[in-house]
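Here is the structure we will look at, set down as structure tokens.
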Amino acid sequence: MAGAPIELLEQVPLFSELDRGELEQVARLFKERRFSRGETVVMEGSGGAAFFVVAAGEASVVVGDAQRPPLQAGDYFGEIALIDEGRRSATVTAASDLLCYGLTFWEFRPLVEGSEVIAWKLLQSLAKKLRAAQAD
Amino acid sequence: MNEVLPLGEARDPTVFGSKAVGLGEATRAGLPVPPGIALSGQIVEAVASGEEEAVSTVVRLAEHLPLPLAVRSSAADEDGAQASFAGQHLTLLNVPSPSELASAVRDIWWSANSDSAITYRQRVGLFTRPSVGVVVQSLLNPDVAGVMFTQNPMNGADERVIEGSWGLGEAVVAGTVIPDHFRVDREGRTLERIPGLKQVAIRALPGGGTVEEAVPAGDVERLCLDDRQLNMLSELALRCEQVYGPARDIEWAIADGTLYLLQCRAVTRSGR
């Protein structure tokens with residue numbers, strides 16, 4: 001099947017409430033994207049419209065001047081940009097050759113708008129993130 | 001439509017993008033366009049998604065093209081009069097074989113969906129899903145290449161403005177060199193020749209990709225176009241105006257003594 005591996009997406013909290021069929025729908029919308037070592041993946045402050053799941057390799061994360069824990073296989077970033085069309089909150093750089101699967105606003109929005117189940121599960125997932133952020 | 005067509009059959013800009021359709025029109029008019037194929041936005045989407053049937057269709061139809069290949073974006077709303085996507089969408093020169101096309105097409109799809117491209121689209125009021133066609137053409141190994149305006153873009157004067165440099169034209173388009181500058185009147189008389197500073201030339205590498213080569217010292221400030229070549233360009237400008245209308249922005253290359261048209265578009269307000 002074209003798209004992202006299901007096993008990879010199962011690790012992504014944003015999709016953790018989706019059942020297998022829904023996950024397969026989402027997976028088909030992902031496209032492979034490769035970055036060379038040293039390449040800037042996303043830049044803090046720029047507009048953003050894609051969400052990425054790391055499939056292989058490592059990426060460094062910097063917010064302002066602060067280094068954050070690196071991203072590795074199974075990690076994800078940029079999901080909020082799918083929803084609010086907002087600015088990137090961090091700079092992500094490929095620390096090694098990096099294999100990601102990406103999902104853009106353009107594929108994601110019709111999927112969510114067309115499925116109440118996916119939309120509700122996304123809300124639940126985001127609510128969990130919000131509670132976790134408030135608890136920090 | 002999930003289509004791949006010879007360039008000369010690309011007619012619908014909403015399917016193949018404006019660059020492919022412009023080159024298709026040039027091909028049908030007998031202008032000297034390198035051979036190529038046009039990929040519709042839908043098949044580009046399918047190839048970028050890794051759909052095997054789409055990939056094999058593109059590879060099969062590219063197999064008859066002389067190698068290596070140049071792979072360029074042709075977005076439906078690219079290069080319009082209101083907005084220029086120059087610099088936003090990727091061009092991949094020197095793709096060594098059709099088997100590497102899928103990766104090249106995917107990279108171009110992502111370039112149209114990158115953060116910078118999306119930010120640009122928002123800024124110019126085009127926050128809509130990009131439809132990205134792709135043009136695959138044989139890559140020339142030019143002695144000299146560059147750009148030409150059929151009307152002076154600075155003051156609107158009825159004269160050709162030509163800029164050229166050694167090797168692939170990307171050195172001129174990307175501003176890697178100070179190109180030679182020429183003005184030629186409508187009758188083909190050269191009005192001005194200003195040597196540039198052409199310290200590097202971009203050349204194709206045997207295994208794929210390109211490299212910046214140092215230009216021999218004697219060629220750095222030597223004019224890259226002679227009167228005969230300026231005449232050829234002047235005739236090309238006239239033919240392009242006959243096909244497309246006035247005020248065109250042309251990319252050209254001369255390889256083995258033959259002049260080729262690589263792109264012909266309307267001059268945009270934002271320039272190159």
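We name chains A, B, ... by the order of the sequence lines, and we start the count at 1 in each one.
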Query raised in the report: How many angstroms lie between CG in B:D107 and CZ in A:R34, if you round to the nearest 0.5 Å?
Result: 10.0 Å

Got more than 12 heavy atoms from elsewhere within 6.0 Å of [atom1], [X]?
X	atom1	answer
B:E52	CD	no
B:E53	CD	no
A:Q67	CD	yes

Report task. Please flag which part of A:R109 lies under 4.5 Å from any non-hydrogen atom of chain B: side chain, backbone, both or neither. Result -> neither

Query raised in the report: So, is the end of the A:K31 side chain (NZ or CZ) under 6.0 Å from the ring centre of B:W110 and within 45° of the ring's axis?
Result: no

Query raised in the report: Would A:E32 and B:R106 count as a side-chain contact (heavy atoms from CB on, under 4.5 Å) if you check the C-alpha gap in whole Å, the side-chain angles of each, and the deciding distance to 0.1 Å?
Result: CA-CA 8 Å; A:E32 180 185 310; B:R106 190 173 56 235; 3.1 Å; yes

Query - For chain B, which residues of residues 52-62 of chain A have heavy atoms nearer than 4.5 angstrom - result: A:F52

Report task. Could you give me the CA-CA distance, side-chain angles and deciding distance for B:E51 and A:R28, then say whether side-chain contact (heavy atoms from CB on, under 4.5 Å) is met? Result -> CA-CA 10 Å; B:E51 291 179 18; A:R28 274 193 287 271; over 6 Å; no

Report summary line: In terms of heavy-atom contacts, B:S49 and A:A2 come closest through O-CB, 2.9 Å

Requested in this report: Would you indicate whether the side-chain heavy atoms of A:M43 and B:D115 approach each other to under 4.5 Å?
Outcome: no

